[in-house]
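Down below is the structure, laid out as structure tokens.
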Amino acid sequence: MQHEDVRDFHWYVDKAMASLVFLGGISAIVFIIGIFLFITREGLGFITDGLDLREFFFDPAWRPTSDSNPTYGAFALIAGTASITGLAVLLSIPFSIGAAIYIAEFAQGRTREILKILIELLAAIPSVVWGFIGLSIMNPLIIDMFDVPVGLNILNAGVILALMAAPIMTTIAEDALKAVPDRYREAAEALGATRWQVTLKVVLPAAKHGLMAAVLLGVGRGFGETMAVLMASGHSINVPDSIFDSVRALTATIAAELGETAVGSEHYQALFTLGILLFAVTFIINLTADLVMRGIKRS
Amino acid sequence: MADESKPQPQAPKHAIQTRGLNLWYGDFQALFDVDFDVRAGRVTGLIGPSGCGKSTLLRSINRIVERLGYVRTTGTIDVLGHDIFGANVELLQVRKQIGMVFQRPNPLPLSIRDNVLFGLRTHRDGDRKSRPSKEVEAQIVEESLRTVLLWDKVKDRLGEPAIRLSLEEQQKLCIARLLPVKPRVLLMDEPCSALDPDGTAAVEELIWSLKGDYTILIVTHNMAQARRATEECAFMLHGKLVEHTETAKMFVSPKNQSTADYIEGRYG
Ligand SMILES: Nc1ncnc2c1ncn2[C@@H]1O[C@H](COP(=O)(O)OP(=O)(O)OP(=O)(O)O)[C@@H](O)[C@H]1O
Ligand SMILES: [Mg+2]
């Protein structure tokens with residue numbers, strides 16, 4: 001049987017476009033695997049010989065540059081990251097969820113549009129600018145208000161990070177509320193519930209998975225943030241016992257030290273091990289958030 | 001509860017009365033000058049071709065139509081003798097007296113028990129002292145579910161999410177959850193259209209059994225159902241109320257030509 005040859009110019013354009021789009025699609029996967037392989041390879045030497053897991057996770061002494069006896073305890077760094085992120089999420093939850101409720105359930109027309117644009121603008125502020133705000137505005141403010149010697153501490157970084165995480169949390173939470181079918185609201189209102197009762201008793205419980213995902217993504221955002229945290233946290237190695245203590249975050253440690261280490265040295269590899277830890281934790285957080293959100297779509 | 005044992009002194013003959021009711025969705029007028037009297041304690045059917053305004057009329061009686069910000073209404077609606085647009089009338093009080101059943105069963109994303117108790121809890125929200133005890137609540141749940149013939153099927157799984165029920169059971173639950181606040185009027189918008197024939201028969205039977213205790217206004221597309229399950233019938237066309245009489249009369253000798261045409265299936 002003789003087929004007509006369809007391979008004209010448009011056919012080639014079509015094929016080319018299809019391959020291009022395909023490449024674009026898989027590049028995301030290629031890059032993420034590439035990055036993972038790279039940081040693993042760089043950090044692997046340390047994990048296989050130098051790494052003492054006990055020391056790494058439980059020793060607060062991060063002294064990679066000590067000549068006589070370098071130690072690589074990441075405990076203080078982990079505590080720093082965890083305390084800043086924890087405070088940020090605690091501060092951010094009421095504001096973000098509140099904003100999401102207002103936008104999704106109460107605001108109308110223009111107010112709603114303007115609010116959404118403002119929140120997107122908040123997300124567009126570069127992190128170094130946030131760090132700058134932490135250094136030059138929050139720092140003196142905290143010193144004044146709380147009468148503490150240093151204003152670069154968990155509180156400062158937590159507030160900055162809360163503001164940085166708020167847009168993504170608000171947006172995801174708003175999507176979660178929007179996804180609650182309107183017939184639930186209608187049914188509840190017909191039963192005599194006020195708008196506020198509808199929100200509290202019907203919409204929020206129905207959206208709880210999405211709201212959880214929003215919080216998780218906020219945590220992920222806080223975990224990975226570097227520049228603002230570096231500038232606002234005080235950057236001193238410390239296991240904190242109050243929010244007025246300066247701390248140092250995992251990310252900030254990598255950013256500050258990597259440039260000064262010899263490629264391939266133990267210190268260099270230890271920093272990459274911190275990178276693996278960060279990568280793994282953010283990956284798990286994002287994956288959980290994603291699974292939680294998929295969970296809602298299925299039910 | 002005390003007021004139920006005594007016959008109400010001036011119980012109005014009409015549970016619902018509209019006068020000169022017009023309604024606009026934005027610029028589009030959906031109801032024209034509707035004067036509609038629904039007799040208390042009877043089952044009244046609302047029929048008419050698609051898009052004639054049946055749902056709109058029904059949804060304006062409990063003012064749920066106003067959820068859409070762009071709805072405008074003129075005219076009056078009296079429910080049980082009270083003007084529901086009156087300045088001193090509370091919307092929540094109106095909705096307490098008027099239960100609504102929707103076309104698609106819409107149980108709330110809560111447990112079966114919480115669905116039944118939702119209205120009650122909502123209306124009690126103000127005064128926490130009068131909150132009923134667990135036993136009273138359990139009794140109310142049982143009573144309501146028995147009324148809709150659902151009790152035996154669900155009594156062992158009251159804590160389960162209501163969405164796990166079949167559509168027919170969901171619709172029965174949606175009727176059951178109206179009962180605890182003791183409404184006087186039930187509005188039903190094609191309550192059987194999402195159900196299979198068996199479900200339809202079961203829900204129809206249920207509606208029939210509620211007759212007398214409640215004033216029921218039910219929209220239906222199904223002529224057989226209108227004929228079987230209603231005592232009075234109202235026919236709407238293009239946003240106007242065309243005819244309203246005893247069901248028997250309407251199906252045998254309709255006064256209006258368009259009513260006759262519709263009943264005989266000459267309309268869409
Ligand atoms: N939310 C809305 N916005 C604008 N127009 C609407 C809206 N809802 C209904 N309408 C219009 O109002 C008219 C009456 O609609 P309604 O839903 O009351 O009809 P119906 O008799 O219930 O129809 P059906 O039998 O299909 O349910 C229709 O022309 C419809 O297009
Ligand atoms: Mg309708």
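A note on names: the letters A, B, ... follow the listed sequences, proteins ahead of strands, and every chain is numbered from 1.
- Within the 4.5 angstrom heavy-atom criterion, only backbone atoms of B:Ile98 (N, CA, C, O) approach chain A.
- Atom OH of B:Tyr25 sits in a crowded spot, with more than 12 heavy atoms from other residues, nucleotides or ligands closer than 6.0 Å.
- Here the shortest heavy-atom pairing between A:Val202 and B:Pro109 reads CG1-CD, 4.0 Å.
- Within the 4.5 Å cutoff, side-chain heavy atoms of B:Arg95 are placed close to those of A:Glu189.
- For CZ of A:Phe132, the number of neighbouring non-hydrogen atoms (other residues, nucleotides, ligands) closer than 6.0 Å is 12 at most.
- At most 12 heavy atoms of other shown residues, nucleotides or ligands fall within 6.0 angstrom of atom CD in B:Gln139.
- A:Ala193 and B:Phe118 get closest at one heavy-atom pair: CB-CE2, 4.0 Å.
- In terms of heavy-atom pairs under 4.5 angstrom with chain A, the leader among B:Arg63, B:Met100, B:Gln93, B:Arg104 is B:Arg104.
- Using a 4.5 Å cut-off between heavy atoms, B:Pro107 touches chain A through its backbone atoms (N, CA, C, O) alone.
- For A:Leu200, the CG atom counts as densely surrounded, since its 6.0 Å shell holds more than 12 non-hydrogen atoms of other residues, nucleotides or ligands.
- Counted within 6.0 Å of CZ on A:Phe106, heavy atoms from surrounding residues, nucleotides or ligands total more than 12; the atom is thus considered enclosed.
- The local environment of CZ in A:Phe95 is sparse, with at most 12 non-hydrogen atoms from other residues, nucleotides or ligands closer than 6.0 Å.
- Contact annotation for A:Glu186: both backbone and side-chain heavy atoms come within less than 4.5 Å of a heavy atom of chain B.
- When every heavy atom of B:Asn62 is checked against every heavy atom of A:Ala190, the shortest pair comes out as ND2-CB, 4.1 Å.
- Environment of CG in A:Asp182: crowded, with over 12 heavy atoms of neighbouring residues, nucleotides or ligands closer than 6.0 Å.
- Summarising the geometry, atom NZ belonging to A:Lys201 is positioned 11.0 Å from atom CG belonging to B:Leu108; distances are rounded to the nearest 0.5 Å.
- Only the backbone of B:Pro105 has a heavy atom closer than 4.5 Å to any heavy atom of chain A.
- Contacts of B:Asn106 with chain A are made by both backbone and side-chain atoms, with heavy-atom separations under 4.5 Å.
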